[in-house]
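Written below as structure tokens is the structure these notes are about.
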Number of protein chains: 2
Amino acid sequence: MKVLTKKTDYAIRALLMLGAKRGSYVSAKSIAAEQDMPYQFLRGVLQEMIRHGLIVSKEGVQGGFMMEKDADDIGVRQLIEIFQGRVQVSECMFRKQICANRSRCVLRHEIMRIEQVVSNEFEQVTIGKLLRKLNATGNLMPALKDGEEPS
Amino acid sequence: MKVLTKKTDYAIRALLMLGAKRGSYVSAKSIAAEQDMPYQFLRGVLQEMIRHGLIVSKEGVQGGFMMEKDADDIGVRQLIEIFQGRVQVSECMFRKQICANRSRCVLRHEIMRIEQVVSNEFEQVTIGKLLRKLNATGNLMPALKDGEEPS
DNA sequence: TTAAACTGATACTATATTGATATCAATTAA
DNA sequence: TTAATTGATATCAATATAGTATCAGTTTAA
Ligand code: FES
Ligand code: FES
């Protein structure tokens with residue numbers, strides 16, 4: 001069960017770069033190179049974020065992308081919703097004229113509760129929070145020592 | 001973002017039936033009919049649960065499936081792991097020789113924490129717990145009143 | 001002792017989702 | 001004017017999910 005897809009993954013990492021270089025435009029090319037993402041794929045992700053008002057862009061030479069929203073107002077939950085659709089544990093389990101009274105369905109209650117918990121957890125994790133952690137440790141991507149294996 | 005796939009969904013519902021009729025063998029056919037699941041697909045799900053020791057079967061006429069494990073020892077978390085693989089928020093985000101020191105990676109920490117929370121939530125929801133709720137309300141699938149739409 | 005109701009095992013197909021690539025027009029800075 | 005960019009799409013490949021079909025073996029009961 002994979003919770004974050006590549007798009008969400010790339011979005012988070014791109015936002016971390018944009019957050020670190022706030023105020024200047026960063027090109028898709030440089031993000032792709034630095035973070036080792038497929039260029040065109042990343043561009044699609046960036047465009048989607050523009051449409052949702054998270055970032056802005058500037059065309060032409062010296063153009064690129066810049067963070068628009070406050071980093072603390074961008075939660076992983078929102079990114080998941082943008083790239084993977086709303087968090088829903090299950091479609092209603094007993095569809096097709098079987099489960100009429102939703103308020104009495106115990107499964108639904110249990111499921112909606114979990115939905116909330118999961119959703120809240122992701123909401124807590126904001127780009128701002130991650131950026132501060134990065135600044136504190138100064139270590140998003142430490143260099144690989146000889147012989148060491150990446151995870 | 002769909003958290004439970006059909007297989008897991010069907011597995012939960014089949015187990016609820018088996019749990020309710022503990023001690024006797026219930027055929028795949030009757031489960032499929034009552035819960036409106038595709039017969040052969042359900043059988044695959046049931047066989048997988050046999051392999052994992054959750055249920056047992058008896059072949060031939062009057063055969064079927066019966067719950068083996070204690071219903072309180074079957075959590076949705078285990079079902080997810082069986083049918084959708086281990087709960088993992090993301091593969092390591094900075095692979096390919098970039099992220100060497102896992103213990104210092106803030107993203108990894110945040111991600112592993114969420115992984116735990118999500119995992120625990122699903123662990124709490126056991127078939128036994130659901131069954132008791134069903135008994136309390138007596139209502140897994142209330143009949144549909146005229147004109148009412150299912151969820 | 002045979003037929004019907006079952007599961008075991010497996011192969012196959014269809015559809016949806018995810019991940020990635022390619023192309024071309026429009027914009028901008030130097 | 002040209003190279004470096006984004007905007008907008010179209011297309012493709014790989015994988016995962018959902019569902020179907022078939023046949024062999026087992027058991028009960030007529
Ligand atoms: S599963 Fe839909 S209301 Fe119970
Ligand atoms: S993402 Fe793998 S250790 Fe940081």
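Chain A is the first sequence line, chain B the second, and so forth, proteins listed ahead of strands; every chain is numbered from 1.
Here Gln62(B) reaches the OP1 or OP2 of dA29(D): one of its side-chain N or O atoms lies under 4.0 Å away. Note on Tyr10(B): a side-chain N or O is less than 4.0 Å away from OP1 or OP2 of dG19(D). Proximity of Thr5(A) to the phosphate of dT17(C): no side-chain N or O atom is located under 4.0 Å from OP1 or OP2. Applying the 4.0 Å criterion to OP1 and OP2 of dA21(D), one finds that Gln40(B) has every side-chain N and O outside that range. Residue Lys2(B) has a polar side-chain atom (N or O) positioned under 4.0 Å from OP1 or OP2 of dA18(D).
Distance from the side chain of Gln47(A) is smallest for dA8(D) among the nucleotides dT5(D), dT21(C), dA8(D). In the set dG8(C), dG7(D), dT20(D), dG7(D) carries the atom at the smallest distance from any side-chain atom of Arg43(A). The side chain of Lys6(B) sits closest to dG19(D) out of dG19(D), dT18(C), dA30(C). Looking at the side chain of Val61(A), the nearest of the listed nucleotides dT23(C), dT28(C), dA18(D) is dT28(C).
One can place CD of Glu68(A) at 17 Å from P of dT6(D), the figure rounded to the nearest angstrom. What separates CE of Met49(B) from P of dT7(C) is a distance of 13 Å, to the nearest Å.
In terms of heavy atoms, Asp72(B) sits closest to Thr126(B) at O-CG2, 3.3 Å.
Map Lys58(B) and Tyr39(A) each onto its nearest nucleotide of DNA chain C; the residue landing nearer the 5' end is Lys58(B).
At distances below 3.5 Å, at least one donor-acceptor pair connects side-chain atoms of Gln84(A) with backbone N or O atoms of Val3(A).
Using a 4.0 Å heavy-atom cutoff across all strands shown, Leu46(B) reaches no nucleic acid atom at all.
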